[in-house]
**Student:** 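Here it is, the structure in full.
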Amino acid sequence: MTEQQKPLRAIIVEQDPAYQAAIRRLLQRVVPHWHCHYLSDAAAARELLHNEPIDLLLTERLGPSDSGETLLEFACQHSPVTIRVLMSADNSDAMLLATTHCAHLVLGKPFTEQQVTEVFQRVELLCNGPFTAHSRYQLGQINTLPIQRSNYQTLMKLLSDEESSTVAVASSLAREAPLAAKLLQIANSAYLGFSRQTLDLAEVVTRLGRSMIKAVAFAVQLHSQYDGKIRPDLHQRLLDDSFELATMASQLAKTQQSGAHLAEQAFMAGLMQVLGPLVLLSAMPHHNQQLTEEDMFQEGIPDHCLISAYLMLLWGFETDVCDAVMYRLSLNEVPQPTLLQTIMHLSSYVIVFRRRRQDEELPVPCWTALQQFQLTDTFSHLQQSGPGVLNE
């Protein structure tokens with residue numbers, strides 16, 4: 001731990017003495033550098049939240065008179081920087097929907113050692129990463145967070161199982177019509193360069209690969225949660241732009257001869273960058289919904305990029321993918337941009353240019369980072385002449 005990193009503190013609220021003792025033994029072994037308070041009631045947790053800076057709160061659902069959900073709501077109001085996790089044996093859609101406004105994560109009980117360790121590791125990354133204290137406070141007050149639907153969890157497990165067959169995956173995809181339609185659209189898109197069209201989901205699985213399919217499945221079910229909350233035309237544009245950005249970034253990554261993993265990361269970043277826009281826009285009345293580049297949370301980084309990166313890091317995405325999303329529109333904030341960050345930056349600039357209105361001002365690209373690409377003379381001439389040259 002560096003001098004700048006403060007000791008990390010957690011509250012664990014568990015009424016079952018045996019279960020609480022088991023959690024204590026586990027955490028003392030896997031995260032001994034954390035200072036943890038082990039409690040059995042919400043009242044004691046509220047007092048601690050009032051008096052001490054707490055980085056992580058894990059609570060079971062408790063009783064109906066003073067529930068875990070109520071405690072999470074209290075933490076949201078009085079200690080927004082605290083990451084809020086609900087431990088529950090009930091992982092139904094109804095429970096997830098009931099807690100989405102107060103919980104950052106739901107940890108299913110019984111949980112594995114790996115699952116709880118990953119939660120603590122993610123919180124460490126958030127606390128010690130690029131997010132300022134002010135931005136973490138603002139981000140912690142967001143109450144329109146998306147969740148992962150349980151009907152997708154079976155599909156995700158199947159995709160992650162190396163022993164599962166392509167036919168089994170295709171059969172599972174066929175039961176999710178919107179997802180299957182989007183996968184067929186991507187598999188037949190010009191970006192992938194296949195010479196013939198296909199309607200065979202098994203072939204789609206082979207063409208796209210399981211990592212890309214998981215990314216698409218994650219994105220589609222997230223978009224479905226915002227139906228009706230965002231103006232339909234704006235929501236459709238966000239959906240179209242995210243998939244176009246994902247495929248463009250993936251194809252650009254493939255030209256760099258850096259392996260399939262870079263292309264998968266680029267595709268994932270392109271899809272998931274839409275998280276922030278979905279969250280911000282869903283909190284606005286329909287007639288006021290408009291995405292801006294305001295940086296009220298953290299100077300130099302658009303709020304929607306910050307929200308996307310924050311949620312992705314919280315959910316366990318790779319840190320370099322999160323960074324590529326966070327800085328895709330503000331790469332000048334990064335001293336030494338990575339190839340993935342540069343790919344996302346260039347792809348995002350192209351998307352913005354394609355969608356611009358006649359009088360809309362284009363962002364200024366990070367030319368130092370873009371020098372590693374063989375850009376066309378017309379594109380590079382923007383550095384001297386501005387965006388007007390591309391209007392010709």
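Numbering of residues begins at 1 and proceeds along the displayed sequence. If you're wondering where the values come from, they're calculated on a predicted model, not measured in any experiment.
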**Student:** Taking only residues two or more places apart in sequence, or in another chain, which ones meet Asp240 in a salt bridge (charged side-chain N to carboxylate O under 4.0 Å, His left out)?
**Tutor:** none
**Student:** Verify side-chain contact (heavy atoms from CB on, under 4.5 Å) between Val279 and Leu311, making sure each step is shown before the conclusion.
**Tutor:** CA-CA 10 Å; Val279 170; Leu311 289 174; 4.0 Å; yes
**Student:** Take a 6.0 Å sphere around CD of Gln141 and say whether it holds more than 12 heavy atoms from other residues, nucleotides or ligands.
**Tutor:** yes
**Student:** Just checking Phe120 against His33, ring centres under 6.0 Å apart?
**Tutor:** no
**Student:** Using the side chain to side chain contact (heavy atoms under 4.5 Å, CB included) criterion, which residues pair with Val81? Sequence neighbours excluded.
**Tutor:** Ser79, Arg136, Tyr137
**Student:** Are a donor atom and an acceptor atom from the side chains of Ser135 and Thr132 found within less than 3.5 Å of each other?
**Tutor:** yes
**Student:** Phe317 vs Trp315 aromatic rings, parallel, tilted or perpendicular, using cut-offs 30° and 60°?
**Tutor:** tilted
**Student:** Please determine whether salt bridge (charged side-chain N to carboxylate O under 4.0 Å, His left out) holds for the pair Glu73 and Arg84, giving the CA-CA distance in whole Å, both sets of side-chain angles, and the decisive distance to 0.1 Å.
**Tutor:** CA-CA 9 Å; Glu73 291 175 355; Arg84 306 178 296 273; over 6 Å; no
**Student:** Under 3.5 Å, sequence neighbours excluded: what are the donor-acceptor pairs made by side chains of residues 300-310?
**Tutor:**
from	atom 1	to	atom 2	distance (Å)
Asp303	OD1	Met296	N	3.0
Asp303	OD1	Phe297	N	2.9
Asp303	OD2	Met296	N	3.3
His304	NE2	Glu293	OE1	3.4
Ser308	OG	Gln273	O	2.8
Ser308	OG	Gly276	N	2.6
Ser308	OG	His304	O	3.0

**Student:** Examine distances only and state if a side-chain atom of Thr206 and a backbone atom of Ala202 form a donor-acceptor pair shorter than 3.5 Å.
**Tutor:** yes
**Student:** Report yes if the side chains of Leu86 and Thr59 come closer than 4.5 Å at any heavy-atom pair, otherwise no.
**Tutor:** yes
**Student:** Checking Leu234 now: which residues fulfil side chain to side chain contact (heavy atoms under 4.5 Å, CB included) with it, not counting sequence neighbours?
**Tutor:** Ile230, Arg231, Arg237, Leu281, Gln289
**Student:** Mind checking side chain to side chain contact (heavy atoms under 4.5 Å, CB included) for Gln115 and listing every partner two or more places apart, or none if nothing turns up?
**Tutor:** Leu107, Phe111, Thr112
**Student:** Can you tell whether the side chains of Arg46 and Asp66 come within less than 4.0 Å, N to carboxylate O?
**Tutor:** yes
**Student:** Can a side-chain donor-acceptor contact be found between Arg122 and Thr117 if the only test is distance below 3.5 angstrom?
**Tutor:** no
**Student:** Could you tell me which residues satisfy side chain to side chain contact (heavy atoms under 4.5 Å, CB included) with Glu162, sequence neighbours excluded, listed by chain and number?
**Tutor:** none
**Student:** Taking everything shown except Glu47 itself, do over 12 heavy atoms lie less than 6.0 Å from its CD?
**Tutor:** no
**Student:** Going through the distances and angles, do Glu299 and His134 end up as a side chain to side chain donor-acceptor pair (under 3.5 Å)?
**Tutor:** CA-CA 10 Å; Glu299 186 177 357; His134 174 75; over 6 Å; no
**Student:** What's the spacing between Leu62 CG and Ser88 OG if we round to 0.5 Å?
**Tutor:** 11.0 Å
**Student:** Applying the side-chain contact (heavy atoms from CB on, under 4.5 Å) test to Phe267, which of Leu245, Val216, Leu208, Leu262 qualifies?
**Tutor:** Val216
**Student:** Do Asp41 and Gln15 have side-chain atoms, one donor and one acceptor, less than 3.5 Å apart?
**Tutor:** no
